[in-house]
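Everything on this sheet refers to the single structure shown next.
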Number of protein chains: 2
Amino acid sequence: MTHTWTTDPARLLRVDDGFALDRIDADGHPGFDGHKADGHRLLAEREERLDELQERLYADSHVGDGKDAVLLVLQAMDTAGKGGVVRHVVGRVDPQGIALAAFKAPTEEELAHDFLWRVEKQLPEPGMIGVFDRSHYEDVLIARVHALADPEEIERRYGAIVDFERRIVASGTRIVKVMLHISPDEQKDRLMQRLERPDKYWKYNPGDVDERLRWDDYMAAYQAVFERTSTPDAPWYVVPANRKWYARLAVQELLIDALEDIDPRWPAADFDVEAEKKRLAAT
Amino acid sequence: MTHTWTTDPARLLRVDDGFALDRIDADGHPGFDGHKADGHRLLAEREERLDELQERLYADSHVGDGKDAVLLVLQAMDTAGKGGVVRHVVGRVDPQGIALAAFKAPTEEELAHDFLWRVEKQLPEPGMIGVFDRSHYEDVLIARVHALADPEEIERRYGAIVDFERRIVASGTRIVKVMLHISPDEQKDRLMQRLERPDKYWKYNPGDVDERLRWDDYMAAYQAVFERTSTPDAPWYVVPANRKWYARLAVQELLIDALEDIDPRWPAADFDVEAEKKRLAAT
């Protein structure tokens, strides 16, 4: 028998009032009582559902009049597995329906604008699943930890983000905000692996260790983000990520939930099907 | 035993002097003497090779000093399987290393510029595999068939394309130009299937039948494209595509060939590996 979700992870992992990041077990697998192999099996099984929903969403917006889209925001400490989620969850649907945006340190031009300027330009079009690999949240995370902005500006940004996301949601985009949560020990192991394999050196950056030394500051910045920006319209989900298989399975299910909430339908033919069959047959 | 290529498809499928499209058998599977199941098996096996090469290319350009990229140009009559190639060949590598661009009928703004203006903007960055789903070749295909431009302008465009591609190749991008070649009967079957399934209606457009009636004009336009724009730097490949499995297998191998020609290496560490291990261990 295939193990399946015992409780919808959207309910278990959502950040609600009273949430405390330091009470989350990064080793956990809430809502799923199987093991790694069971998780891989379910991930493969659920691909089909995600795939069909994605295609319906795309179809409905491209020839129908659907205005909906999905935006997956991925935030995490280094090595937590954002890339693996992109690859093994998002990467299993049709690439033509996916819009990836990776946000690095802002350029001079980007810095000359409000912090949301570059983000707005990358919002997914109707019918698309957009994925932000890091996001506008860096402007209240690294910006806070490294004091790249005044405390008053950080305060302003929380409110600006809530307003921005409310507008996006009102336009028909479901926002799924995910923090992949690993433990410091797990990060240490993963960084060490990168140092042990020449084909992984390119993923290692000495700056990763510097950031690691500010772990507690980052966790405090995340906690503030959750308190200030987890809203009913655009809640945060904290996904335990020490087990890669669980994190992928959970994000897959969060995406399926968002798409089921949209419930996109195959668009009806805007032509006369029988007449077209005759026309085609005559060629 | 796994069936494998008996001859490199890059050699068999390349458009050289004397090429005649009307002598190509769309049902064929040159260079591969297995059946459908064998083709699927080899496609799955070769994914690993394509995957590693793509990651090396990406790594070398993102932390190394690699300037190389790959550009896959896909052209075909409707239903020939461009989407399937994107999904089942390109879609099997890390989505973060792929840049898709679909070229539809040009907008007003695009029409106000030279036909290559919108194409230039979509060229892949170093380290990326770019995919053009249709391309600047529409400007000498549909434009010729529907007389959207004067014959003199079409003539000018062949030369402009050759110059443009020479410049792209000189900058470090391998261009793999593929025409997926189906027969008119195969297209008829595939279009009819779309009319028989409500979940496929959205892929059907009555205009497809109108274009179909101009099949011979399109084939003549393709023949002219091959004669004028298949160059040693950026040759065309005509891939028999009545068998979807063969077309995917062949494009996969053409991509592998292009990447092997680049031969990207894992970048060396630009930090002291042993010192970093000690730093990390101390955290």
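As the structure is a prediction and not an experimental result, all values here were calculated from the model. Letters go in sequence order (proteins before strands), and every chain restarts at 1.
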> With Leu280(B), which of Gln187(A), Met192(A), Arg194(A) fulfils side chain to side chain contact (heavy atoms under 4.5 Å, CB included)?
Replying inline: Met192(A)

> Under a 4.5 Å heavy-atom cutoff, which of Glu196(B), Arg212(B), Arg87(B) has the most pairs with chain A?
Replying inline: Arg87(B)

> How long is the gap from CG on Asn205(A) to CZ on Phe271(B), to the nearest 0.5 Å?
Replying inline: 8.0 Å

> Relative to each other, are the rings of Trp266(A) and Trp202(B) parallel, tilted or perpendicular (30° and 60° limits)?
Replying inline: parallel

>> Heavy-atom cut-off 4.5 Å, strictly under: side chain, backbone, both or neither for Asp51(B) against chain A?
In response: side chain

>> So which residue, Lys203(A), Glu276(A), Lys277(A), ends up with the most heavy-atom pairs under 4.5 Å with chain B?
In response: Glu276(A)

> Ile98(B), Asp94(B), Val90(B): which one forms the most heavy-atom pairs within less than 4.5 Å of chain A?
Replying inline: Asp94(B)

> For Gly91(B) and Pro95(A), which heavy atoms make the closest approach, and how far apart are they?
Replying inline: CA-CG, 3.8 Å

> Between Pro206(A), Pro267(A), Ala268(A), which residue shows the highest count of heavy-atom pairs closer than 4.5 Å to chain B?
Replying inline: Pro206(A)

> Are the charged groups of Arg279(B) and Asp208(A) less than 4.0 angstrom apart, N to O?
Replying inline: no

>> Other residues, nucleotides and ligands only: do more than 12 of their heavy atoms fall within 6.0 Å of CD on Glu45(B)?
In response: yes

>> Out of Val86(A), Asp199(A), Leu100(A), Val63(A), return the one with the most heavy atom pairs under 4.5 angstrom to chain B.
In response: Asp199(A)

>> So which atom in Val273(A) and which in Leu195(B) form the shortest heavy-atom distance, rounded to 0.1 Å?
In response: CG1-O, 3.4 Å

> Take atom NZ in Lys278(A); do more than 12 heavy atoms of anything else shown fall under 6.0 Å from it?
Replying inline: no

> Picking from Asp270(A), Asp272(A), Asp60(A), Val93(A), which has the most non-hydrogen pairs under 4.5 angstrom with chain B?
Replying inline: Val93(A)

> Under a 4.5 Å heavy-atom cut-off, does chain A meet the side chain of Arg92(B), its backbone, both or neither?
Replying inline: backbone

>> Check this for me: Lys104(A), atom NZ, are more than 12 non-hydrogen atoms of other residues, nucleotides or ligands nearer than 6.0 Å?
In response: no

> Leu191(B) versus chain A, heavy atoms under 4.5 Å apart: side chain, backbone, both or neither?
Replying inline: both

>> Which one wins on heavy-atom pair count under 4.5 Å against chain A: Ala281(B), Ala275(B), Ala102(B)?
In response: Ala281(B)

